[in-house]
Every structure is written in C-alpha cells, then in structure tokens.
Amino acid sequence: MAESQVHVDRNLALELVRVTEAAALAASRWMGRGDKNAADGAAVEAMRKAFDTVAISGTVVIGEGEMDEAPMLYIGEKVGLYAKAGGGPEVDIAVDPLEGTTITAKGGPNAMAVVALAQKGGFLHAPDIYMEKLAVGPGLPPGVVSLEAGVEENLRELAKAKKCDISDLVVCLLDRDRHKEIIKRCRAAGARIMMIPDGDVSGVVAVSQPETGVDIYMGSGGAPEGVLAAAALRCIGGQMQGKLLFENDEQISRAREMGVTDPNRIYGLEDMASGEVMFAATGVTTGPMLQGVRRSAGFAITHSIVMRSKSGTVRYVEGHHNFALKPAAFIA
C-alpha cells in the first residue's frame with residue numbers, strides 16, 4: 001500500500017472516533033434521566049451530523065432500521081463528506097449510536113456509542129432479528145468452540161485449550177429468561193457466569209480483553225450487534241460464530257432480500273466482517289472497557305477505543321472537550 005494511503009487510513013480511523021465522541025457526548029446529557037428514547041435520539045442525531053465531516057462516501061448497512069422506520073442512519077442511507085458529490089473511499093458502515101439505551105436511561109454501566117467501517121461489501125447485511133452468538137479470544141486453536149457443539153463440549157474444549165479447569169472459566173451472556181437453560185448447563189459443568197443487562201457488543205469484545213476476566217461469550221442477542229462485535233474481533237483478535245434466529249417466514253423472506261441465501265448457515269468471523277475493517281467506540285457510561293463521559297461546567301472528557309484490522313493496532317483515546325469552542329450540534 002502507498003504511504004499516502006496508509007496516512008489516509010490512519011486519519012480515517014481517528015475521524016471515526018470523532019463520530020462516536022459526538023454521539024456519546026449527546027447521549028450523556030440523558031444519563032440517568034429515565035428517557036431511553038431521548039438518549040437514543042440525541043445520539044443518532046449527533047452521530048449523523050458528525051458523519052458529514054468524514055471524508056468518505058459511505059452506505060449504512062447496519063443502522064437504525066429501514067427508511068420508513070428511522071429518520072436518519074437508516075439502512076441504505078448515504079453518509080459522509082462525499083456522499084452526494086462523489087469521490088472519496090466507498091465504504092460500508094455499521095452503527096449503533098447508543099448501545100445500551102436502557103442502561104443510559106437508568107444510569108447503569110457499560111453504555112457505548114459504536115461505529116464500524118469496512119470496504120464495500122465487507123459486512124453481513126444482517127436483518128434486525130436475533131442471532132445466536134459464540135465468541136472466544138485470540139491465541140486459541142481454530143475452531144476450538146462451535147455452535148454445532150453443546151455447551152458442555154465447548155466449555156471442555158476451551159478449558160483444555162487454555163490448560164485450565166472448567167471452574168476457571170467465566171461465561172458472559174445477556175441476563176435474559178431465554179438463557180436460563182444455558183446458564184443451568186454452564187453452572188452444572190462448573191463454569192462461572194457473568195450476566196450483563198444489555199450491551200452484547202461489549203460483551204463479545206470482552207473475550208479479547210484479558211482484564212475483563214471473560215473467557216467465552218454465549219447466547220442470543222441482536223444480529224446487527226453481532227456484526228459490530230465481529231468487526232471489533234477482526235481488529236483485536238478472537239474467534240466468533242453467529243447464526244440468525246428466524247421467528248417466521250416473513251423474517252426469512254426479508255433476510256433473503258438482504259442477501260441471506262441460507263437461513264440455517266453458521267457465519268464465521270470473516271463471513272460477518274471481511275476485508276479491511278475499522279472499529280471505534282466511545283463510552284457513555286463507565287464499563288470494563290471504557291470510561292463514561294465525565295462532565296463539568298463547559299467541559300467534558302471522553303474515553304474511546306479505535307482499532308484497525310490491517311495493522312492490528314488498538315488505541316485508547318482520551319478526548320478533552322471545551323464546549324465554548326465546540327459546535328453545539330456535537331454536544332446537545
């Protein structure tokens with residue numbers, strides 16, 4: 001790759017941080033105020049405006065829903081500085097302006113603003129349905145766990161690969177009634193459980209972060225969030241599988257329109273996020289991976305992470321924001 005293109009990529013990665021910062025700052029105004037829709041709306045609007053400053057011609061492929069369901073950041077929307085005029089790199093974009101709307105409304109931990117970017121055609125166009133997910137961190141034998149295996153077999157094989165006992169493993173999953181059987185089987189096998197209220201992007205990414213203590217992620221959550229999590233693991237390392245969970249024929253038909261040819265397919269990491277991928281997230285409320293927005297009079301501090309699959313580099317960015325100099329659109 002030419003040196004000039006390397007600089008473009010690096011600059012673009014940092015520009016993505018500005019986008020997630022804008023969403024996180026806007027959402028943080030609603031932290032603990034009990035209105036998840038207002039928090040989400042503020043994040044969406046700020047993120048959309050921030051994209052107008054990024055030197056790309058982007059298409060939203062994972063977003064806030066269909067055009068008639070969302071006023072902005074809808075699937076198919078063109079965003080970026082060159083979206084209308086043409087020029088600039090053509091990329092696909094996956095967004096979750098506020099992962100953890102309920103968390104934010106309640107003032108709970110681990111809400112984030114998330115963006116991923118890939119070369120055109122690089123993301124699975126996942127419908128807004130559930131996806132069964134299984135993820136482990138880097139440095140393990142390929143295929144050490146599988147959605148085709150049972151809970152007990154996966155725990156046994158993972159413990160063997162990590163040269164530890166099953167009782168040393170921590171399983172992360174969403175705190176949902178639908179996961180009662182998985183939890184029961186994990187505990188019966190001897191594994192420990194970490195249940196999270198929301199935010200399964202961060203739950204999946206946690207398997208790649210030794211400081212979180214999470215060894216494996218299991219269970220079902222949103223398919224769009226699965227693609228975002230896959231983008232992060234492509235950059236930071238790890239293994240992941242996903243399988244779309246359809247409730248009716250209408251969902252299958254919709255998925256086929258989006259390019260899903262086999263409703264029973266198990267997707268690997270590169271099936272969900274392929275080619276050159278970038279991922280950025282900014283904490284809204286504090287969690288294991290990121291600090292939340294810290295506000296004072298006329299000032300705020302943000303904590304973000306940005307990654308690139310090409311280099312494997314992970315950067316943590318602390319932003320100090322002076323509201324007297326920052327456009328109101330990015331802090332409202």
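Residues forming a salt bridge (charged side-chain N to carboxylate O under 4.0 Å, His left out) with Glu250 (at least two apart in sequence, or on another chain): none. Contacts of Lys106 classified as side-chain hydrogen bond (donor to acceptor under 3.5 Å, both in side chains), with partners at least two apart in sequence or in another chain: none. With sequence neighbours left out, Asp40 forms a salt bridge (charged side-chain N to carboxylate O under 4.0 Å, His left out) with no residue at all. In terms of the ring-ring contact (aromatic ring centres under 6.0 Å, His included) criterion, residue partners of His303 (sequence neighbours excluded) are, by chain and number, Tyr316. Residues that satisfy the salt bridge (charged side-chain N to carboxylate O under 4.0 Å, His left out) test with Glu318, not counting sequence neighbours, are Arg294. Residues passing the salt bridge (charged side-chain N to carboxylate O under 4.0 Å, His left out) test with Glu152 are Arg185, sequence neighbours excluded.
Among residue pairs with one or both ends in residues 71-80, those qualifying as salt bridge (charged side-chain N to carboxylate O under 4.0 Å, His left out) are Arg48-Glu77; sequence neighbours excluded. The side chain to side chain donor-acceptor pair (under 3.5 Å) analysis of residues 135-149, with sequence neighbours excluded, yields no pairs. Among residues at least two apart or in separate chains, there is no ring pair (Phe, Tyr, Trp, His ring centres under 6.0 Å) pair with a member in residues 222-281. Among residues at least two apart or in separate chains, ring pair (Phe, Tyr, Trp, His ring centres under 6.0 Å) pairs with a member in residues 282-301 are Phe299-His320.
Taking the side chain as every heavy atom from C-beta outward, Met278 and Val91 never approach each other to under 4.5 Å. A heavy-atom distance below 4.5 Å is not found between the side chains of Val54 and Leu81. The closest side-chain heavy-atom distance from Ile56 to Pro89 is below 4.5 Å. No side-chain heavy atom of Leu245 sits under 4.5 Å from any side-chain heavy atom of Ile129.
Between Arg18 and Thr53, the side chains place no donor N or O within less than 3.5 Å of an acceptor N or O (distance only, hydrogens not considered).
Side-chain N or O atoms of Arg178 include one that pairs as donor or acceptor with a backbone N or O of Ser220 at under 3.5 Å. Remark: the backbone N or O of Pro197 is not paired with any side-chain donor or acceptor of Asp175 at under 3.5 angstrom.
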Output a table of donor-acceptor pairs, distance under 3.5 Å, between side-chain atoms of residues 94-103 and any protein atom two or more places apart or on a different chain; print 'none' if there are none.
residue : atom : partner : partner atom : Å
Glu99   : OE2  : Asp200  : N            : 3.0
Glu99   : OE2  : Val201  : N            : 2.6

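Taken to the nearest 0.5 Å, the CE atom of Met131 stands 10.0 Å off from the CD atom of Glu225. One finds the OG atom of Ser57 at 9.0 Å from the CD1 atom of Ile93 (value rounded to the nearest 0.5 Å). Taking CE of Met112 as the start and CG of Asp198 as the end, the distance is 11.5 Å to the nearest 0.5 Å. One distance of note links CG of Asp165 with NZ of Lys160; it measures 14.5 Å at 0.5 Å rounding.
Around NZ of Lys36, the count of heavy atoms belonging to other residues, nucleotides or ligands within 6.0 Å does not exceed 12. Asn248 CG: more than 12 foreign heavy atoms inside a 6.0 Å radius. Within 6.0 Å of the CE atom in Met31, the count of heavy atoms belonging to other residues, nucleotides or ligands does not exceed 12.
Other members of the cluster containing Leu147 are Leu134, Val136, Leu140, Val144, Val145, Val151, Leu155, Leu158, Ile166, Leu169, Val171, Leu173, Ile182, Ile183, Ile193, Met195, Ile216, Met218, Ile266, with ILVMFWY side chains joined at under 4.5 Å, either directly or via other members.
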